[in-house]
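Quick note on labels: first sequence line is chain A, next is B, and so on, each numbered from 1.
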2 protein chains.
Amino acid sequence: MVAVDRAVARVLVIEDTEEISDLLQAVLEAAGMEVVLAATGPDGLAAARESRPDVVILDLNLPGLDGVEVCRELRTTSDAYVLMLTARTDEIDRVVGLTVGADDYVTKPFSPREVQARVQALLRRPRGLVALGAPAAVPPGADSAAGIRRVSERVALDAEARRVIVAGAPVTLTRIEFDLLDAVSENPRRVLSRSQLRDRVWGGDWLADDHAVDVHMSNLRRKLRAAGGGDVVATVRGVGYRMGDEPGARG
Amino acid sequence: MVAVDRAVARVLVIEDTEEISDLLQAVLEAAGMEVVLAATGPDGLAAARESRPDVVILDLNLPGLDGVEVCRELRTTSDAYVLMLTARTDEIDRVVGLTVGADDYVTKPFSPREVQARVQALLRRPRGLVALGAPAAVPPGADSAAGIRRVSERVALDAEARRVIVAGAPVTLTRIEFDLLDAVSENPRRVLSRSQLRDRVWGGDWLADDHAVDVHMSNLRRKLRAAGGGDVVATVRGVGYRMGDEPGARG
DNA sequence: GTTGTTCCTCAAGACATCGTCAAGATCCCG
DNA sequence: CGGGATCTTGACGATGTCTTGAGGAACAAC
């Protein structure tokens, strides 16, 4: 067995700007983590193979090899979580929505404390989900208190930012549409009745028609389909809704 | 029956990735369970014989011996419940629907809480009846939300997702058909009268003909037979319906 | 073997559910 | 206060599902 049994978490930082990497090293080591540094993409990949980190902090704008490429490589050779550093907000969608995406991101300028918190959140997530060559880093239904939840192969949901990215591009959802997708994707195995969804999305005290759930679900599906997300929500006729792409009513 | 009288529940984890097994060990021990680890299929089988666990957590993708093979072996040498870890959603149906299938499943990445909850749900299920393919008896009113219910050799039922898997493939049932199968399979030894089934499936206030039960039962049988599930429901002439394939034995 | 009962199966019409569209009401932001 | 987005509600069609009835098969009793 090659896996190293270690007490402290190991973090690999792939970052070309020395000020940033130094800062991160100081912060993470102060938090009791072991830090490995790399300045370029190829160096980072080699370091990942060698030191087997638990989390990789990866700058998107690396000279030479693109950060996205590095991330994709990392996915096939390591099971570490990837925390992406991005300079501009509009880069995030590309990183998050790709099939081989990051597990979380931080935009520059960032506070060291925030990076530390997010790394620790990633460390709390269960390990071992990347079976070498598997396309999706996070299969549907990941229970993530922090970061990004991958709803389906091409649909990712950022609960914190209340944003949904489909095939690399953000999709504008209304409040109710987002809450519906959030509710359904949070427990992907369960069939949620209209009443349950209504309670969850609208709040307990509400006398409205359950039919409203239908309409919003229809709008949600239309938007996701138009964005190339495929079928995300399945109808269970006579009961409610559930995650999945099986068209027919099961049960 | 070699029921071991012990205070704490014992869980065997068969998993080759050390990170996952470590995580599971930590979570389950924190929940007050005794944990035994094994990294390979043969080791796991030996450990199961030796330590007689109550629940086995089994990775589907083990190197060498396949997880399905390990599961089949476990069934003949142990009466433990099997919780399967699968990486991808579409593997589930195969694992769950097979003759020797898992009792529940969790998809990676899993939340530690979920694994703990599902293990405890399995521990609440009655012991000693599951071995050798016999359907597990869940007394009425028991925690029915727990895991997969094996209806017959080739038919499995996921109450939470309202899904029925026959011979490794999902089968589309209508609401009433599913509820009928659910009712009959929930207490497999009992003969349920048409009135009982009607109350259970339709709800108390209903004036319809009992004949409707016949028709839906007929449709249910046809679908299960067509999917290769064999005869699942038996008629007890003059009384009602019961699980099993024996035609008309009076109960 | 005959008879009456019970059950299965088939088919067709009645019914319910769901998806979608559109119009009006409401909320929110400037 | 005005304009735009968003939500609700109603209507309608398509599709799926349920019920009902009838014919016939299996079964038990005689």
Side-chain angles (χ1 to χ4, degrees), chain A residues 162 164 170-181 184 191-203 205-226 231-242 244-251, chain B residues 162 164 171-181 183-184 191-203 205-226 231-242 244-251:
Chain A
R162 293 186 67 84
V164 171
V171 170
T172 306
L173 297 183
T174 69
R175 185 189 70 82
I176 290 182
E177 286 160 10
F178 180 89
D179 285 341
L180 281 176
L181 182 60
V184 171
V191 178
L192 297 175
S193 70
R194 279 152 235 274
S195 310
Q196 288 175 307
L197 288 169
R198 207 192 45 200
D199 290 354
R200 160 96 193 237
V201 172
W202 276 264
D205 48 349
W206 193 250
L207 305 172
D209 197 353
D210 276 353
H211 177 46
V213 177
D214 288 349
V215 177
H216 289 292
M217 200 63 93
S218 171
N219 294 333
L220 169 63
R221 290 209 255 226
R222 181 167 41 74
K223 286 184 182 178
L224 293 181
R225 217 182 308 128
D231 293 343
V232 173
V233 183
T235 304
V236 181
R237 190 168 249 266
V239 185
Y241 295 94
R242 187 193 52 195
D245 54 0
E246 304 146 1
R250 297 265 139 88
Chain B
R162 292 185 70 88
V164 172
V171 169
T172 304
L173 298 182
T174 70
R175 188 185 69 81
I176 289 182
E177 286 159 11
F178 179 90
D179 285 339
L180 281 176
L181 181 61
V184 171
V191 179
L192 296 174
S193 71
R194 278 154 237 271
S195 310
Q196 287 174 307
L197 288 170
R198 206 193 45 199
D199 290 354
R200 159 98 194 235
V201 172
W202 276 262
D205 48 349
W206 193 248
L207 305 172
D209 197 354
D210 276 354
H211 176 46
V213 178
D214 288 350
V215 176
H216 289 293
M217 201 62 94
S218 170
N219 293 333
L220 170 63
R221 291 208 255 225
R222 181 170 41 75
K223 285 186 181 177
L224 293 181
R225 218 182 306 125
D231 292 343
V232 173
V233 184
T235 305
V236 180
R237 200 179 175 79
V239 185
Y241 296 95
R242 186 191 53 191
D245 53 2
E246 310 140 10
R250 288 252 178 210

Name the closest nucleotide to the [X] side chain, picking from [options].
X: B:Arg221; options: C:dA16, D:dC7, C:dC8; result: C:dC8
X: A:His211; options: C:dG19, D:dT19, C:dC8; result: C:dG19
X: A:Tyr241; options: C:dG19, C:dC8, D:dT19; result: C:dG19
X: A:Thr235; options: C:dC18, D:dG10, C:dC8; result: C:dC18
X: A:Arg237; options: D:dA22, D:dC7, D:dT15; result: D:dT15

Can you measure [X] atom [atom1] to [N] atom [atom2] for me and round it to whole angstrom units?
X: B:Leu173; N: D:dT17; atom1: CG; atom2: P; answer: 10 Å
X: B:Asp214; N: C:dT5; atom1: CG; atom2: P; answer: 17 Å
X: B:Leu180; N: D:dT17; atom1: CG; atom2: P; answer: 14 Å
X: A:Arg225; N: C:dG19; atom1: CZ; atom2: P; answer: 10 Å
X: B:Ile176; N: D:dT19; atom1: CD1; atom2: C1'; answer: 9 Å
X: A:Arg242; N: C:dC18; atom1: CZ; atom2: P; answer: 14 Å
X: B:Lys223; N: D:dG16; atom1: NZ; atom2: C1'; answer: 10 Å
X: A:Glu177; N: D:dT6; atom1: CD; atom2: C1'; answer: 9 Å

- Note on the structure: Tightest non-hydrogen contact, residues B:Asp210 and B:Ser195, listed as OD2-OG, 3.8 Å

- Item | Shortest non-hydrogen contact from B:Glu177 toward B:Thr174 | OE1-N, 3.0 Å

- Say whether, by atom type as modelled, one donor and one acceptor occur between the side chain of B:Arg198 and the main chain of B:Val213 under 3.5 angstrom. no

- Message: Check this for me: does any side-chain nitrogen of one of A:Asp209 and A:Arg194 sit under 4.0 Å from a carboxylate oxygen of the other?
- Response: no

- Task: Examine the base of D:dT19 for any acceptor or donor lying under 3.5 Å from a partner atom in the side chain of B:His216, and report the outcome as yes or no.
- Result: no

Check the phosphate of [N] against [X], side-chain N and O only, distance under 4.0 Å to OP1 or OP2. Yes or no?
X: A:Thr174; N: D:dT6; value: no
X: B:Trp202; N: D:dC18; value: no
X: A:Arg194; N: C:dC18; value: yes

- Message: Could you walk me through whether B:Asp231 and B:Arg225 satisfy the side chain to side chain contact (heavy atoms under 4.5 Å, CB included) test, starting with their C-alpha distance in whole Å, then the side-chain angles of each, then the deciding distance to 0.1 Å, before giving a yes or no?
- Response: CA-CA 6 Å; B:Asp231 292 343; B:Arg225 218 182 306 125; 3.8 Å; yes

- Of B:Val215 and A:Asn219, whose nearest nucleotide on DNA chain D comes first from the 5' end? A:Asn219

